[in-house]
Amino acid sequence: MLEIVFKDGSKKEFSESIEVREIFRKLGVKNACAGKLDKKLVDLRTQVNFDCKLEPVYFDSLEGKKVYWHTASHILAQAVKNEFKYSKLAIGPAIDNGFYYDFDLKSNLNKEDLSKLENEVNKIIKENLKIERFVMKYDEAVKFFEEKNENYKLEILSENLNKEEHVSFYKQGEFAELCSGPHLLSTGEVGCIKLLNSTGAYWRGNSKNKMLKRIYGISFQNKKQLKEYLENLEEAKKRDHNKLGRELEFFTTVDYIGQGLPILMPKGTKVMQILQRFVEDEEEKRGYLLTKTPLLAKKDLYEISGHWDHYRDGMFVINSDDKNKDVLALRPMTCPFQFQVYLNRSRSYRDLPMKLNETSTLFRNEASGEMHGLIRVRQFTLSEGHIACTPEQLEKEFTDCLDLANFMLEKLGLKDDVFYRLSKWDENNKEKYIGDSEEWENVQNKMRDILDKFDLKYEEVDGEAAFYGPKLDIQIKNVHGKEDTLITIQIDFQLAKRFDMQYVDINNQRQYPYVIHRTSLGCYERTLALLIEKYAGALPLWLSPEQVRILILNESLYEKSKKLKLKLGENKIRVFIDNRNEKIGYKIRQAQLDKIPYMLILGEKELEKNSISVRHREKGDLKSMKIEEFINLINKELSC
RNA sequence: GCUAUUGUAGCUCAAUAGGUAGAGCAGCUGAUUCGUAAUCAGCAGGUAGUCGGUUCGAAUCCGAUCAAUAGCUCCA
């Protein structure tokens, strides 16, 4: 006898081992694509032969979608095998927004190939082939792939630790694929597949390996859902800062200036100035002292910090082949410079914590393919800061940094869009880092302890640390779903030693402080980019480079509008008049119009009543009001 | 850096098979004063990203290079 408990708490007994799908059938559960057995995702074909908890998984959950998408990726692999005789299979997982499959192909894939494959894929769905699971002995599986000359599959197999265990396969029609599942029961259940694009991707994600062809796709249960998804995708792309930011004249690029070196136009610069003032003021309130340090230094400095050995590829080096001149490098980080403030004289524990901030321009020689609008550039400005503190102060200071970061996110309205990541070192790749294992484990544990005291969900990722210490990274996704670090808070236990930064403790002993590297708002270019995407260009009032546009309907009102502008300007409201050359005109491009929070209309009607008509970009027409009333309205909105 | 795609006026896009560049919007000038993008008339804008090659002739074909886009790798 076995007892199965369901999500609603109900129980059912079965006399013998039974398949998940059979259980669901008996219970009348329909449309489940997999099961969750004691919290583990399992195939509908799984035999249950012990007491357990079980619940159905459907397409409406991400886990469920991934089952569909994984099956879709197998169908794609089958289609590619049908269409390209010499193709070899690599891997094809489901991802958060669909699936991909990597192939080794002799030829490139163009659009026609992709649509041909799409037809083939949907043909396989229509055929509604039964998908069966079977197992093979390890040796048989090796032989199976050797015959097919599938060297990537063989490589995966060779890493199978337990060669005694059977290897799991899934088969549909003639196509069999190494896979641990779970999968749907037939190809027809997938619904419809759209192949989105094809790109290159390195085998095993290693740039030293061969580049394979990757095809991305998505599938839905029906065409309506697919259409909706594709439309949403198009909508999201309209918010792309790289397009919108240029259209709205926040920034531009010039080919002969170079990659990753955007020109910030007046609007973009205004927003960055607002952000920068906001950040510096807030940091000052929180006890930071502002510094301004050089943008470049002799390589000697970087040799001490370790950048010369661990970060040289990322730096712009000057005079490297002139023996008569000092070799200099533009700074990729501010830490070694700002440390000199600490080192200016001897420090006691009474000086700590020492909190320094800087609005620092940095230069990083990113590889040519990495640049992306304002999100990834070669010169950028960071809201940077460093805190030197005693071990006892570390927790409080770290907590304060996190609080500051969250405060900033809250103010920008990005709080719900971010996720947290504890970025650790890679212990299999020690040469990338400075310091020994014990120190790393020690600090990482410390960081984890602090994080666990917060009500904060975070994931841990190996190999994402800085070379000098672990990081708390606050991540965000752009409109393309690509993840980037917005804010980072790092604990460093190495650089103080390298720079011989000491303090004298209460027992008159010399000690090294901990250093926290942190940003409060990340880099301004990137933050601006994400704000444009978040708000589709219609930034909140306090961040809008143009808060008010005055529209005059009669040339004779021009002088009056100038006075109005002056008056609003005195109240620190950013206002523009909609005409150039002192001529009337109420032709405003709609695209720009709905980005401006308020529009004031000034015409004969208003003149008579000595008032203005106000239009809000979202609320539409507001009642006409006196200028003072409008100023109050804006101030009220700004204060909350 | 790698795999692809793209590059024609400020923007969006045209031009049968290589035959010597055209339209809308924006801009400018003038008229119009018309209540929320697109009134009328006129003008001006391009050595086709750049450099080289093939050809009698190249926006179109080839090569190199620069830049942009998506993805990989890398990273704030």
Side-chain angles (χ1 to χ4, degrees), chain A residues 100 102 105 108-111 114 196-216 237 240 242-243 246-247 249 252-262 311 313-314 332-333 360 362 364-378 380-384 423 463-464 466 471 473-476 480-488 490 517-519 521-527 529-530 549 551-557 578 580-581 583-594 599-606 613 615 620-621:
Chain A
Y100 66 78
D102 288 349
L105 295 177
N108 286 328
L109 289 167
N110 55 32
K111 275 185 185 164
L114 220 55
L196 296 165
N197 62 341
S198 72
T199 66
Y202 297 109
W203 167 236
R204 306 240 113 164
N206 185 335
S207 56
K208 286 180 184 132
N209 290 342
K210 184 170 183 181
M211 184 157 262
L212 307 171
K213 310 277 183 299
R214 175 173 294 179
I215 299 175
Y216 283 92
K237 279 183 187 160
D240 188 344
N242 213 351
K243 191 166 172 11
R246 290 169 197 269
E247 268 172 24
E249 299 188 307
T252 186
T253 51
V254 176
D255 60 356
Y256 46 82
I257 284 183
Q259 278 189 300
L261 299 168
Y311 206 83
D313 287 347
M333 295 167 194
S360 58
L362 304 178
R364 296 188 187 176
N365 194 1
E366 302 289 350
S368 61
E370 315 297 354
M371 261 60 78
H372 174 69
L374 289 179
I375 285 183
R376 195 78 181 275
V377 290
R378 282 183 167 155
F380 57 95
T381 304
L382 198 64
S383 52
E384 201 165 7
S423 299
E464 294 289 336
K471 312 190 280 181
D473 288 323
I474 304 181
Q475 304 288 103
I476 193 161
H480 299 286
K482 190 168 167 139
E483 180 181 329
D484 274 297
T485 301
L486 189 63
I487 295 174
T488 176
Q490 310 167 358
H517 306 238
R518 43 105 281 181
T519 93
L521 187 65
C523 104
Y524 291 101
E525 290 81 355
R526 182 174 287 183
T527 304
L530 289 156
R549 173 83 61 103
L551 200 67
I552 50 174
L553 301 175
N554 190 311
E555 198 165 0
S556 61
L557 293 164
D578 177 51
R580 282 154 296 168
N581 304 326
K583 284 179 50 193
I584 56 136
Y586 43 91
K587 295 190 290 181
I588 305 174
R589 270 175 287 168
Q590 191 70 43
Q592 297 201 3
L593 199 59
D594 53 356
M599 190 154 71
L600 301 186
I601 297 130
L602 203 52
E604 298 296 343
K605 237 160 59 180
E606 286 74 16
S613 294
R615 187 185 165 83
D621 285 325

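Quick note on labels: first sequence line is chain A, next is B, and so on, each numbered from 1.
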What's the gap between [N] and [M] when it is taken at their [atom1] atoms, as a whole Å value?
N     : M     : atom1 : answer
B:G57 : B:G19 : C1'   : 7 Å
B:A31 : B:G18 : C1'   : 46 Å
B:C43 : B:C56 : C1'   : 37 Å
B:G27 : B:G10 : C1'   : 8 Å
B:U47 : B:G52 : P     : 16 Å
B:U60 : B:U16 : C1'   : 13 Å
B:A44 : B:A9  : C1'   : 11 Å
B:A76 : B:U54 : C1'   : 48 Å

Does A:Ser198 reach the main-chain N or O of A:Leu114 with its side chain, forming a donor-acceptor pair under 3.5 Å?
no

Between A:Arg518 (side chain) and A:Glu384 (backbone), is there a donor-acceptor pair under 3.5 Å?
yes

Look at all strands and tell whether [X] reaches a base, only sugar-phosphate, or nothing, counting heavy atoms closer than 4.0 Å.
X        : value
A:Tyr100 : nothing
A:Lys605 : base
A:Arg246 : sugar-phosphate
A:Leu382 : nothing
A:Val377 : base
A:Lys210 : nothing
A:Glu606 : base
A:Arg526 : base

Separation of atom [atom1] in [X] from atom [atom2] in [N], rounded to whole Å:
X        : N     : atom1 : atom2 : value
A:Asn110 : B:U5  : CG    : C1'   : 11 Å
A:Ile215 : B:A4  : CD1   : P     : 14 Å
A:Lys243 : B:A68 : NZ    : C1'   : 13 Å
A:Met333 : B:C75 : CE    : P     : 10 Å
A:Lys111 : B:U6  : NZ    : P     : 7 Å
A:Arg549 : B:G35 : CZ    : P     : 19 Å
A:Asn209 : B:U3  : CG    : P     : 14 Å
A:Ile474 : B:C75 : CD1   : C1'   : 17 Å

Nucleotide nearest A:Ser207 when distance is taken to its side chain, options B:U3, B:U73, B:A76
B:U73

Return no unless some side-chain N or O of [X] is found under 4.0 Å from OP1 or OP2 of [N].
X        : N     : result
A:Asn197 : B:A70 : no
A:Gln259 : B:C66 : no
A:Tyr216 : B:A70 : no
A:Thr199 : B:C72 : no
A:Lys482 : B:C72 : yes

For RNA chain B, what dot-bracket results from Watson-Crick or G-U pairs at under 3.5 Å, with [ ] for crossers and | for inter-strand partners?
(((((((..((((.....[..)))).(((((.......))))).....(((((..]....))))))))))))....

Side-chain donor/acceptor of A:Tyr202 to base of B:G1, under 3.5 Å
yes

Looking at the base of B:A76, is there any donor atom on it, or on the side chain of A:Glu366, that sits under 3.5 Å from an acceptor on the other one?
yes

Heavy-atom closest contact ([X] atom, [Y] atom, distance):
X        : Y        : result
A:Thr381 : A:Glu525 : N-OE1, 3.0 Å
A:Ile487 : A:Gly522 : CG1-N, 3.9 Å
A:Met371 : A:Gly260 : CG-CA, 3.2 Å
A:Asp102 : A:Arg214 : OD1-NE, 2.7 Å
A:Leu382 : A:Tyr524 : C-CE1, 4.2 Å

Would A:Tyr256 count as stacking on B:A67 if stacking means ring centres less than 5.5 angstrom apart and planes tilted under 30 degrees?
no

Quick one: CD1 on A:Ile476 to CG on A:Leu530, what's the gap to the nearest 0.5 Å?
5.0 Å

Residue whose closest nucleotide on RNA chain B lies nearer the 5' end, A:Gly603 versus A:Arg214:
A:Gly603

Would you kindly say whether A:Thr485 and A:Gln475 are connected by a side-chain donor-acceptor distance under 3.5 Å?
yes

With syn defined as a glycosidic torsion within 90 degrees of 0 and anti otherwise, which applies to B:G45?
syn

For RNA chain B, find the residues of residues 369-376 of chain A with a heavy-atom distance under 4.0 Å and give them by number; none if there aren't any.
A:Gly369, A:Glu370, A:His372, A:Gly373, A:Ile375, A:Arg376

